[in-house]
Amino acid sequence: MGQTQFGKGCHLHLIDGSAFIFRAYHALPPLTRKSDGLPIGAVSGFCNMLHRYVEGNTGPDAPTHVAVIFDHSGKSFRNDLYDLYKANRPPAPEDLRPQFPLTRDATRAFNIACKEIEGFEADDIIATLACQAREAGGRCTIISSDKDLMQLVGDGVEMLDAMKNKRIDRDGVHEKFGVGPERVVDVQALAGDSVDNVPGAPGIGIKTAALLINEFGSLEELLDRAEEIKQPKRRQTLIEKRDQIELSKQLVQLDCGMELDFTIDDLEVRDPEPDVLLEFLSQMEFRTLTKRLADQLGMEAPTIPEAAPQAAAGEVEAPEAPSFDQAEYTCVRDAATLQTWVDQIRERGWVAVDTETTGLDEMVVDLVGISLCVEAGKACYIPLTHKAGSDDLFGGEGLAEGQMPLDEALAILKPVLEDPAIIKIGQNMKYDAKIFIRYGVDVAPIDDTMLLSYALHGGLHGHGMDTLSERYLDHKPIPIKPLLGSGKSAITFDKVAIDDAVPYAAEDADITLRLWQLFKPQLHVQKVTTVYETLERPLVPVLAQMERHGIKVDRDVLSRMSNAFAQKMAGFEAELHEIAGTEFNVQSPAQVGQILFEDMGLEGGKKTKTGQWSTPADVLEDLATEHDFAARVLDYRQLQKLKSTYTDALQDHINPDTGRVHTSYVQTGANTGRMASSDPNLQNIPVRSEEGRRIREAFVPEEGNVLLSLDYSQIELRILAHMAGIDALKQAFAEGHDIHAMTASEMFDVPMSEMTPEIRRQAKAINFGVIYGISGFGLARNLRIPRKEAQNFIDRYFERFPGIRTYMDQTVEFAKEHGYVQTLFGRKIHTAEINAKGPRAGFAKRAAINAPIQGTAADVIRRAMVRMPDAIAHLPARMLLQVHDELLFEVPKDHVEETIATARKVMEGAADPAVHMDVKLVVDAGQGQNWAEAH
DNA sequence: AAATTCACG
DNA sequence: GACGTACGTGAATTTC
């Protein structure tokens, strides 16, 4: 060790430490150390990232030298140049500051060099080392996505965006800045940087800067010959602001020639010293990471003293649980052993359950085995229908040895699974419950770790088991891939050898139980018990019912439409080839773009970030008035969409046994509280276009029945009126006025009697825009009016309804302070990026404005759905589908009116009694012999 | 696997 | 006056 001189064949990794820290901090909930409450989340995340980084360093690309580079606290030499440098930066959050020194300790504990120098920024150290590496003929990879470092790229130096796992080379830099790495500083000097408070040249952004630099060759040349610039404003700026621009260049120019008190050779990769590393991790009380690294290093894990539990709010720490040990998992092969598990379950009153099946479609697949867990680390797997190995030529059909008969196992488990005094805990329990019900077992009551996480962490991350386990248990579950294989050679779970199935299946139940033990007490701490208990948990059996029931779809109707579409499309295709004078793929935007914007030489084409021509519908629509080619492409695309996504695909989703289509709702599908529908998605069946709407004619009731559609009228605008307290809007809703016409009248001073459809259309677009967190740009594009005009509309809107502006500002403020926004019913939607900088800030802001409105509407219909089964229990009616603000029912003809009245009452009263709405909710109803008629 | 496009509320 | 934008989804297809 430590003998090699850095040079050719060597590879230096430089990790931007601050980036790691901030990512770790924002990625994790605020963890604290059990024993003393020290905030520790960022250090925990930092350690996990370092650990993952070290583990990933194998193969030919592995570094020979590595260092983590940190910013030194306090001012840098750039503040001497310009005292406002980085003056916009908010100070680090209070609970992050004590963690900075600990991240240095962590780096040293992993035996990775850790460098920072007073008076300099990390970027300068990185620059100096990168230059030294280059001069020595070696490679250097800078692990960071900071654009300020892009000036260093080239000749063996590359960047690696660890977030996106994307390498950035010369081309990548050129893509970002429009110039090569050596001219990046020139562009930055002109464009400035609001984040670092680098002034630059006012009115010049990266695009313009790149243009100028490419034209004149360099910044110096540009400034010397500024008189030659044609645009008067630009010329004046460059001449007048010359000093400011030159200062900006000094600020962004990284120092490659720093004096360092160490050399690259000191950074050679070293193995960690096991006892040092474990000592640090155990001091931090990272139980699971300590244990895992101890196992990997073949060491005894140091014991971490148990501490008195601290009831600090927001505290989430892995429970004091044994580590995951596959040897502790048992395989249950007989009734007597299963009975011992049932006894343990009855003793405790709860059990984590997981099913293994032959596939993913709960309507079709068969049960293969069941896992149970009653105590962290103690789980079993009950194989039931595993097939015998296919080694012998005649095998593959018979059952494997050593399994209980399915009926016998279910007979023993059924009383437990249906016992109202025993909680059955699952991850995505709707799936398992739907399997069990097909075997005559009605699982209840249930708890669901996926839904617990959704209520606790909505908006922070996904809620799949792998995500939750890695995040909250610091344990990566056994992957299913190696067991099942992939692609054509993939097998189903019943073909997996029982010995291989046991650890995988039992672990899932183990993980589920541990997550439950961690999450359940948090509901109260985070004040989301009501959300979970009223909006999540009771919805599971309701959705399971709807999905199992499905909706009848007439295959012949779809099939005929598919044929008609195919014929028309062939005609359009021939016409397009004729116009283009060449055979090309109409379905390829790149080829369509090339014909329009190159061969035909039309203006207005834009390229996507991959450099292909972009041909979205709105661009083609603009061209369609003049060019048949564009019009035909639009025609073709519409039919292609309808055929492939609907008339063709929907037929494949008709269940052969039921003749119906069974969608699957993802209760945690949208961050706002909305659900998602998939396989197939029945929430985006066409309706807006006449041709598309006909697809709904294929959705039909059973003989003697009708389809009913009940939908909330303007629910989001009503909620906005209530939440923002806009009296004018409230009054309009109370009097049953046309809300868009009223808005138009108010804004444009047009009396209602003189309202035109065009004015009303514009007001409607503005009303929707408000819900989405309006911007001049967005409205301008939607209405196809000049941006300035759109901005005038918005200004006027806010003038007339000042409460809206206040509501928006307050919502964003709340999000910034708390990191989440809330619906009227208390659902929290976390807004992780709300304090981000740059364009992401705009996104996060608009999402934060929209979330309480969209989310409250989602909560309202959830409440209606939860109450609906009981409310219509006396009727022969079935609830089939939910489409965000619409519920679809199927009911015999002679019960239509009664069902409408009952369902409407439930829906209109759904907010009560939890919330009294100032604006009443109104539900419109329709009925018919298919969905098109009913809607 | 990512990008592009387009269907819905 | 510059940046890049409507909010939330799922699916099919092409392109890498």
Side-chain angles (χ1 to χ4, degrees), chain A residues 164-166 190-195 200-209 233-234 237 585-593 608-620 633-634 637-638 640-646 648-650 663-664 666 669-689 692-693 695-696 711-712 715-716 765-766 768-783 787 790 794 829 837-855 857-858 861 882-886 935:
Chain A
K164 299 181 186 142
N165 198 20
K166 193 177 140 197
L190 285 169
D193 182 348
S194 58
V195 177
I204 293 183
I206 288 186
K207 286 271 157 64
T208 315
K233 257 200 187 135
R234 221 175 256 180
T237 305
N585 184 356
V586 187
Q587 305 200 78
S588 163
Q591 292 178 38
V592 168
T608 65
K609 56 185 158 188
T610 52
Q612 301 282 17
W613 286 110
S614 170
T615 60
D618 56 347
V619 171
L620 295 184
V633 171
L634 284 168
R637 276 198 192 158
Q638 189 198 8
Q640 157 70 19
K641 183 80 178 182
L642 295 177
K643 181 169 186 294
S644 66
T645 311
Y646 301 103
D648 284 351
L650 228 35
T663 184
S664 195
V666 190
N671 286 339
T672 51
R674 272 198 185 175
M675 295 190 294
S677 156
S678 71
D679 308 293
N681 181 356
L682 294 186
Q683 291 183 321
N684 71 344
I685 303 300
V687 69
R688 291 173 189 170
S689 79
R693 185 157 55 233
I695 289 170
R696 295 186 173 220
D711 69 294
Y712 284 105
I715 187 168
E716 292 192 349
I766 297 168
F768 275 105
V770 166
I771 290 169
Y772 297 149
I774 200 159
S775 75
F777 183 93
L779 184 65
R781 205 176 53 157
N782 194 289
L783 285 177
R787 191 167 156 181
I794 293 169
I829 297 129
K837 292 279 182 251
R840 284 141 62 116
F843 266 116
K845 245 166 100 168
R846 292 192 295 271
I849 291 167
N850 174 259
I853 304 168
Q854 189 182 119
I861 197 166
Q882 188 249 41
V883 191
H884 308 308
D885 63 358
E886 172 188 8
H935 184 79

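Naming: A, B, ... by sequence-line order, numbering from 1 per chain. Computed from a predicted model, the values in this text were never measured in an experiment.
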*What do the steps show when you test A/Q683 against A/Q882 for side chain to side chain contact (heavy atoms under 4.5 Å, CB included), and what is the final call?*
CA-CA 7 Å; A/Q683 291 183 321; A/Q882 188 249 41; 3.0 Å; yes

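- As judged by a 4.0 angstrom heavy-atom cut-off over every strand, A/S644 is placed among residues touching the sugar-phosphate backbone only.
- Contact annotation: the side chain of A/Y646 approaches that of A/N684 to within less than 4.5 Å [non-hydrogen atoms, C-beta and beyond].
- One atom, CG of A/D648, and another, C1' of C/dA11, lie 13 Å apart when rounded to the nearest Å.
- Not a single donor-acceptor pair under 3.5 Å links the side chain of A/R674 to the backbone N or O of A/G669.
- Paired regions of DNA chain C, where each region holds three or more successive Watson-Crick or G-U pairs whose two hydrogen-bonding distances fall under 3.5 Å, are B:1-9 with C:7-15.
- The residue among A/K233 and A/T645 whose nearest nucleotide of DNA chain C is located toward the 5' end is A/K233.
- Here the P atom of nucleotide C/dC7 and the CD1 atom of A/I766 are 18 Å apart, to the nearest Å.
- Per the geometry, CD1 belonging to A/I849 stands 10 Å off P belonging to C/dC7, to the nearest Å.
- Residue side chain A/R787 reaches the base of C/dG4 through a donor-acceptor N/O pair under 3.5 Å, judged by distance alone.
- Note on A/A649: only backbone sugar-phosphate atoms sit closer than 4.0 angstrom, heavy atoms only; bases stay farther off.
- Partners of A/T610 by side-chain hydrogen bond (donor to acceptor under 3.5 Å, both in side chains), not counting sequence neighbours, listed by chain and number: A/T608.
- Here C/dT13 is the nucleotide among C/dG8, C/dG10, C/dT13 with the atom lying nearest to any side-chain atom of A/Q587.
- A/A765 comes within 4.0 angstrom of a base, heavy atoms only.
- Using a 4.0 Å heavy-atom distance criterion, A/F843 is classed as a sugar-phosphate-only contact.
- Computed from coordinates, the A/N782 CG to C/dT5 P distance equals 16 Å when rounded to whole Å.
- Using a 4.0 Å heavy-atom distance criterion, A/N671 is classed as a sugar-phosphate-only contact.
- Base engagement by A/G769 is indicated by at least one non-hydrogen atom pair under 4.0 Å involving a base atom.
- In the set C/dA6, C/dT14, C/dA11, C/dA6 carries the atom at the smallest distance from any side-chain atom of A/L779.
- Note: CD (A/Q640) to C1' (C/dT14) measures 11 Å, nearest angstrom.
- Remark: P of C/dC3 and CG of A/L190 are 13 Å apart, rounded to the nearest angstrom.
- For the pair A/I861 and A/V883, the minimum side-chain heavy-atom distance is 4.5 Å or more.
- Computed from coordinates, the A/Q882 CD to C/dG8 P distance equals 18 Å when rounded to whole Å.
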*Give the B/S/- string for nucleotides 2-9 of chain B, one per nucleotide from 5' to 3', where a protein heavy atom under 4.0 Å of the base yields B, of only the sugar-phosphate yields S, and otherwise -.*
-SSSBBBB

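- To the nearest angstrom, P of C/dG1 lies 19 Å from CZ of A/F777.
- B/dT4 and C/dA6 are spaced 14 Å apart, taking the P atom of each and rounding to whole Å.
- A/T237 OG1 to A/I204 CD1: the interatomic distance, rounded to the nearest 0.5 Å, is 6.0 Å.
- Take A/Q612 and apply the side-chain hydrogen bond (donor to acceptor under 3.5 Å, both in side chains) test, not counting sequence neighbours, and it matches no residue.
- Backbone-only contact: A/S677 has heavy atoms under 4.0 Å from sugar-phosphate atoms and none from a base.
- Under a 3.5 Å cut-off, the side chain of A/T663 and the backbone N or O of A/P680 do form a donor-acceptor pair.
- On the P atoms, B/dA3 is 14 Å away from C/dT5, given to the nearest whole Å.
- Judged as a side-chain hydrogen bond (donor to acceptor under 3.5 Å, both in side chains), and not counting sequence neighbours, the contacts of A/Q854 are A/T672, A/N850.
- Annotation: the span from A/H884 atom NE2 to A/I715 atom CD1 amounts to 13.0 Å, rounded to 0.5 Å.
- Among residues two or more places apart in sequence or in another chain, the side chain to side chain contact (heavy atoms under 4.5 Å, CB included) test is passed with A/N782 by A/A765.
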